[in-house]
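What follows is a short report on a single structure.
Small disclaimer: the values here were computed from a predicted structure and weren't measured. A note on names: the letters A, B, ... follow the listed sequences, proteins ahead of strands, and every chain is numbered from 1.
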Amino acid sequence: MKAIRSLFDTFRKHFEEDGRLKKLRPLFDATESFFFIPGDVPRVSPHVRDSIDLKRFMSVVIIAILPTLLWGIYNTGYHSLLASGRDTTLVNALTRGMYVVIPIVFVSYAVGFFWEVVFATIRKHPISEGFLVTGLLFPLTLPPTVPLWQVAMGVSFGVVIGKEIFGGTGRNFLNPALTGRAFLFFAYPARMSGDAVWIASGATAAPTVDAVSGATPLACTTATNPAQTIETALTEAGYTFARLFEGQYPGSIGGTSTLLCLIGAIVLIVTGVASYRIIAGGVIGVLVTGFLLNMVSTGSSSAWFSLNPFYHLVMGGFAFGITYMATDPVSAPGTTHSKWIYGFFIGALTVLIRVVNPAYPEGIMMAILFMNLFAPLLDTIEIRLRLSKRIPNV
Amino acid sequence: MALSLNHMIPVSVKNGYDINCEGKPLSEVLALVPPTHVALLPERIPYIKPRLLVKTGGRVKTGTPLVEDKRNPDIQFMSPGSGIIESIDFGPRRVIKKIVVKCDNEESRERFDSHSEQDIQNIPAKRLVRAIMKGGLWALMRQLPFRDIADPEHVPPAIFVRLENSEPFHPEPDMYLDGRADLFQYGMNVLHRLADRVFVYAGSHSHADSKTFQENVTHCVKGKYPADDPGVFLYHIKKGSDENQSWYINGQDVLLVAALLKNGTYPVERMVTVAGSMASRGLHLKTRMGVPVSHLVPGSSETDKSRYIAGGLLHGYAVDPDSYLGFYETSITVIPKGNEKEFFGFARPGINKPSYSKTFLSVFNNRPLIMDSNMHGEERACINCGTCTTVCPVEILPQFTIKAILADELEDALAHGVLDCVECGLCSYVCPSKIEICDILKTFRQNYYKETCESHTIII
C-alpha cells in the first residue's frame with residue numbers, strides 16, 4: 001500500500017498544472033482515486049458525510065451483474081462445445097466461454113473507456129464511474145457471435161451519441177448501453193435480430209458448426225404454425241419454462257438466465273441501489289398486458305396473443321433489461337409514482353412489441369429506450385402535481 | 001416519567017434520518033470555572049450589518065453594547081463579560097470576526113429595568129419588546145423562513161418554542177431546565193404577551209419531569225432528525241401561507257429572556273454540550289456565553305487531527321480551538337478530521353462505516369459509529385438517484401430543485417418550496433455524488449433574501 005502511495009506521489013508532478021502530461025490529469029485522478037479515497041474534508045457544512053460514493057454505488061451494480069456474466073461465460077462455452085460435438089464439462093465450458101466472452105468485454109471496456117478519457121480530457125471533468133457499468137452491460141446484451149469490430153462500433157455509438165454529446169454521465173436521457181445495442185440492431189440486423197441461433201463457433205471449432213440449424217426461443221416462436229400454441233412449440237424445441245427460467249439455452253451472452261437476473265435484482269433492491277418500483281412495475285406491466293391480450297385473442301389472431309403471460313417474463317431479455325437497464329437512475333424518472341408508471345409501460349410495451357409486431361422478436365430494448373424518452377415528461381407531470389399541493393412559501 | 005401525551009397535539013414527520021454518531025454526551029452537568037476571556041462573534045450572527053460601538057482598550061460591563069445592527073440600531077449585541085476589550089479581530093473585507101473581552105474579577109453588570117410577574121401581564125407588549133431589545137437579547141427571537149432576527153414591528157402569526165434538538169449533540173431540556181421551572185414559566189408568560197399563539201413542542205423521547213415543562217408543551221413531534229426543527233414543525237402544522245413568517249426561540253433562550261426581564265441584568269449563563277469521539281469528555285457544561293473553545297475542550301493539542309464543530313454535526317460550522325463560542329451556539333463537537341487517504345476505501349465491507357445507504361455491512365451494526373470529517377469520495381454529476389428526496393423533512397425534491405436553481409429558474413425554485421428548506425444538511429450528507437446540495441439551496445435562499453426582503457428595511 002505504501003509502495004502504491006509513493007508511486008502516485010512520484011508521478012503526480014507530471015500531471016499537475018505545469019507538468020508534461022497535464023492534459024491526462026483526469027486519467028491520473030481516476031486511477032489514483034480508484035486506489036485511494038481522497039483525504040478531502042468538507043468545505044461547507046455539513047461536516048460529516050456519508051461513506052457512500054459513486055464508486056461504491058456502481059460497485060454494487062457490478063456485483064449484481066457478475067452472476068449473469070459468469071453464467072454467460074459458461075453458457076456460451078457450453079453451447080459452443082455442444083454444437084461442435086465436444087466434451088461439455090464445466091471446466092471446458094468455462095474455458096471455451098472465456099475464450100469467446102472475455103475479448104468482447106475487453107473491447108467494450110477499452111473502446112468505451114477511450115471515449116470517456118477523450119471527453120473528460122477535453123471537458124476537464126473527472127471520469128465518471130458510470131461507464132464501469134455501461135461497459136459491462138453492453139457486451140452482455142450481445143450475441144456471442146458478434147464480431148469484435150461491431151462491439152467497438154456499438155460501444156462507441158452508445159457512449160458518444162447516447163451519452164457524451166448530451167454532456168456526459170448524469171445528463172444522458174437514454175441508457176448508453178442500450179443505445180449502442182439498438183445501433184447494432186438496426187445497423188447490422190442480420191447478426192442481431194435473433195432469428196438465427198447464436199452459438200459461438202470460433203476458429204478452432206469443427207466446421208459443422210456453421211451448419212447448425214436452430215433458433216433462439218424468441219425466433220422459434222415466430223416460425224410457429226398457427227394451429228400450435230407457442231408453449232408447445234417452445235417445448236418441442238426443447239425450451240421448457242424451467243429451462244427458460246434457468247437460462248441454459250443459446251441467446252445473448254448475459255440475458256438468458258431469468259434466475260440469475262432475479263438474484264441480481266434482489267441484490268440491487270436490498271441495497272437500495274435500484275428502484276424496486278421500476279422492476280415491480282415492469283413485471284406487473286408484462287402480466288397485465290399479457291392477460292389482456294389473452295382475453296382479446298380469437299382463433300384467427302396470432303398464437304402470440306394466447307401465450308401464457310408468465311412466459312413473457314422468462315423469454316428473451318426482459319429479465320435482464322428490467323433489472324439492469326430500466327433501473328439506470330439517470331435515464332429513469334426520479335419521482336416515485338412515475339417510476340411505477342415507467343416500469344409498467346416498459347413491461348406493457350415489451351409484450352406489445354413481441355405480440356403485435358413479431359418482426360422485432362425482442363421488445364425490451366425498444367420498450368426501455370422508448371420509455372427513456374418519456375421519463376422527463378413523467379417527472380414533469382408528477383412534480384407539477386406535487387407542487388400544486390404545497391402551501392406556497394414565497 | 002414519560003410525557004403525558006393526552007393534551008398534546010401529535011405531529012408526525014415522515015422523512016429524516018438519525019445519525020448514529022459515537023460520542024454522545026453524558027447526562028451529567030459539570031460547572032466550569034469562569035474563563036479568563038470571553039468574546040462576541042458578530043461574524044457568526046446571520047444577516048446583520050454590525051457597527052462597532054467600542055474600541056480596543058475600552059472598559060465594558062456585562063451587558064454593555066459592543067455592536068449594533070445597522071439595519072436597525074435598536075438591535076444590539078452585548079458584552080458577555082466585564083473587563084477590558086483586549087482585541088477586535090477583522091477578517092477579509094473588514095468583517096468583524098470577534099471582539100475579545102479580558103475578564104476582571106468583579107463581575108460588574110449594566111442595569112436594565114426589572115419586571116415583576118405583574119408587570120409582565122400589565123405593560124403593553126410593545127414595551128416588553130423594547131425591554132428585550134434594550135437588554136440585547138432580541139436577536140434570540142428568529143423569524144422563519146430565513147431565520148433572520150425577528151422583525152420587532154410585527155406581530156407574528158405564531159411563536160414556536162423549540163425545547164430540544166435531535167441533531168448530534170445539543171443540550172437536553174431536562175439538563176438546562178433542571179431547577180429553573182419558575183424562570184421558564186416566567187419566560188412563557190412573556191412569550192404569550194408577544195403573540196396570540198405560542199406553541200411549545202417536544203420530541204416523543206423527551207423525559208423532562210418538571211410539571212411546568214409538561215403544562216406548557218402543546219405539540220409532540222414524532223420523527224427522526226430534523227423533525228424538531230422549527231421550520232419542519234411549521235411545514236407540518238401550517239394551514240396557510242400567512243403562517244410562513246412565524247417566529248421561533250430555543251428553550252434555553254427563553255430562560256435568558258426571562259432572566260433579563262426578571263432581574264434587570266444581562267444574563268450570560270449557558271448550558272453547553274461538549275461531545276464527539278475526539279473530545280476527552282462528553283458532558284453538559286454549565287458555563288457562560290462567549291466562552292473560549294479551548295476552555296470547554298481542554299488539552300486540545302491534536303488540532304491537526306481533530307475538527308471542532310460549533311452548533312451541531314450537520315448545521316454547525318468548523319471553528320479553531322482558539323476561537324470562542326458564538327451568540328447562538330450551545331454545542332461543540334470534536335470529531336476526527338479524516339484527512340487521510342483510504343486505500344481501496346470503496347471496496348471494503350464497511351462494518352464500521354456509517355451510511356444512510358444499505359451498501360455497507362454497517363446495516364447490521366446498530367452501535368454508534370465513529371464519524372470523521374472526510375468527504376468519503378469525490379464530486380460527480382448527479383445521477384438522479386433520489387436519495388436526497390427520501391430524507392428531505394419538508395418534502396422538497398432537492399435533486400430537481402438544485403437543477404432549477406443552477407439553471408437560474410427562480411420561479412421554479414420557489415415553487416419547489418426552497419423557502420421551506422430548513423438547511424438541515426441531510427441532502428448533502430446522503431448524496432453519493434457528493435454534491436453540495438444544501439449549500440446550493442442555502443446560498444440561493446440567502447441571495448433571494450438579500451435581494452427582496454432586506455431592501456424593505458432601512459440600511460444606514
Side-chain angles (χ1 to χ4, degrees), chain A residues 1 4-5 8 29 32-60 125-126 128-130 167-171 270-273 275 328-336 339 379 383-384 386-388 390-394, chain B residues 19 21 145 238 240-241 244 307 309 313-318 335 337-347 350 353-360 371 373-378 380-386 397 399-400 414-417 419-420 425 428-434 436 438-439:
Chain A
M1 178 188 143
I4 303 173
R5 178 74 263 148
F8 280 113
D29 286 346
E32 188 188 9
S33 70
F34 178 79
F35 287 101
F36 294 96
I37 290 183
D40 301 343
V41 291
R43 195 172 40 80
V44 291
S45 69
H47 291 282
V48 287
R49 299 300 168 99
D50 201 299
S51 301
I52 194 174
D53 65 348
L54 221 50
K55 281 194 181 59
R56 185 74 179 188
F57 194 89
M58 294 302 173
S59 309
V60 174
H125 69 62
S128 177
E129 286 77 11
T169 303
R171 296 188 172 86
V270 166
T271 53
V273 165
S275 164
D328 164 24
V330 179
S331 53
T335 42
T336 47
K339 284 181 182 160
D379 270 342
I383 291 172
R384 288 224 177 132
R386 244 182 105 131
L387 296 188
S388 65
R390 284 189 91 90
I391 297 171
N393 189 354
V394 282
Chain B
I19 285 179
C21 178
K238 72 180 173 186
S241 49
N244 285 326
R307 189 151 194 164
I309 302 161
L313 271 185
L314 292 145
H315 267 102
Y317 53 87
I335 56 171
K337 204 166 205 172
N339 52 350
E340 289 119 22
K341 302 188 177 193
E342 192 188 7
F343 187 60
F344 268 118
F346 77 97
K353 287 187 173 226
S355 180
Y356 172 78
S357 73
K358 301 184 204 97
T359 58
F360 293 93
M371 302 185 81
S373 182
N374 187 292
M375 287 295 289
H376 298 293
E378 293 173 297
R380 291 287 185 263
C382 172
I383 55 160
N384 202 23
C385 66
L397 300 161
Q399 90 259 36
F400 294 104
L414 290 173
H416 272 255
L419 297 194
D420 288 329
S428 293
Y429 174 78
V430 299
C431 182
S433 291
K434 308 293 171 191
E436 301 288 1
C438 184
D439 194 53

Check [X] against [Y] and note the closest heavy-atom contact, atom names and distance.
{"X": "B:G377", "Y": "A:I37", "answer": "N-CG2, 3.8 Å"}
{"X": "B:K353", "Y": "A:S51", "answer": "CB-OG, 3.5 Å"}
{"X": "A:P46", "Y": "B:G425", "answer": "CG-O, 3.4 Å"}
{"X": "A:G170", "Y": "B:A381", "answer": "CA-CB, 4.4 Å"}
{"X": "B:C385", "Y": "A:P329", "answer": "CA-CB, 4.2 Å"}
{"X": "A:G334", "Y": "B:F400", "answer": "CA-CZ, 4.0 Å"}

Options [options], ranked by heavy-atom pairs under 4.5 Å with chain B, top entry:
{"options": "A:S275, A:G272, A:P42, A:G168", "answer": "A:P42"}
{"options": "A:T335, A:V330, A:V273", "answer": "A:V330"}
{"options": "A:N393, A:T271, A:I383", "answer": "A:N393"}

Backbone N/O of [Y] and side chain of [X]: donor-acceptor pair under 3.5 Å:
{"X": "A:D40", "Y": "B:M375", "value": "no"}
{"X": "B:S355", "Y": "A:D50", "value": "no"}
{"X": "B:R307", "Y": "A:H47", "value": "no"}
{"X": "B:N384", "Y": "A:D328", "value": "no"}

Checking heavy atoms, do the side chain of [X], its backbone, both or neither come under 4.5 Å from chain A?
{"X": "B:D439", "answer": "side chain"}
{"X": "B:P145", "answer": "side chain"}
{"X": "B:C382", "answer": "backbone"}
{"X": "B:E340", "answer": "backbone"}
{"X": "B:L397", "answer": "side chain"}
{"X": "B:H416", "answer": "both"}
{"X": "B:L313", "answer": "both"}

* Asked: Do A:R56 and B:F360 meet the cation-pi criteria used here (NZ or CZ under 6.0 Å from the six-membered ring centre, within 45° of the axis)?
  -> yes
Do you know which of [options] has the most heavy-atom pairs under 4.5 Å to chain A?
{"options": "B:K434, B:M371, B:Q399", "value": "B:K434"}
{"options": "B:C431, B:A318, B:A415, B:P354", "value": "B:P354"}
{"options": "B:I383, B:V430, B:L414", "value": "B:I383"}

Sequence neighbours excluded, the answer for ring pair (Phe, Tyr, Trp, His ring centres under 6.0 Å) partners of B:Y317 is none
To the nearest 0.5 angstrom, please state how far the [atom1] atom of [X] sits from the [atom2] atom of [Y].
{"X": "A:I4", "Y": "B:F343", "atom1": "CD1", "atom2": "CZ", "answer": "3.5 Å"}
{"X": "A:I391", "Y": "B:N244", "atom1": "CD1", "atom2": "CG", "answer": "8.0 Å"}
{"X": "B:K341", "Y": "A:F8", "atom1": "NZ", "atom2": "CZ", "answer": "9.5 Å"}
{"X": "B:S241", "Y": "A:R390", "atom1": "OG", "atom2": "CZ", "answer": "12.5 Å"}
{"X": "B:E378", "Y": "A:D53", "atom1": "CD", "atom2": "CG", "answer": "8.0 Å"}

Check whether [X] gets within reach of chain B through its side chain, its backbone, both or neither, counting any heavy atom under 4.5 Å.
{"X": "A:T169", "answer": "both"}
{"X": "A:V48", "answer": "both"}
{"X": "A:F35", "answer": "both"}
{"X": "A:D379", "answer": "side chain"}
{"X": "A:V270", "answer": "backbone"}

_Within a 6.0 Å radius of atom CZ on A:R5, are there more than 12 heavy atoms belonging to other residues, nucleotides or ligands?_
yes
Heavy-atom side-chain proximity of B:H315 to A:S45 below 4.5 angstrom
no
Q.
Under 6.0 Å between ring centres: does that hold for B:F344 and A:F34?
A. yes
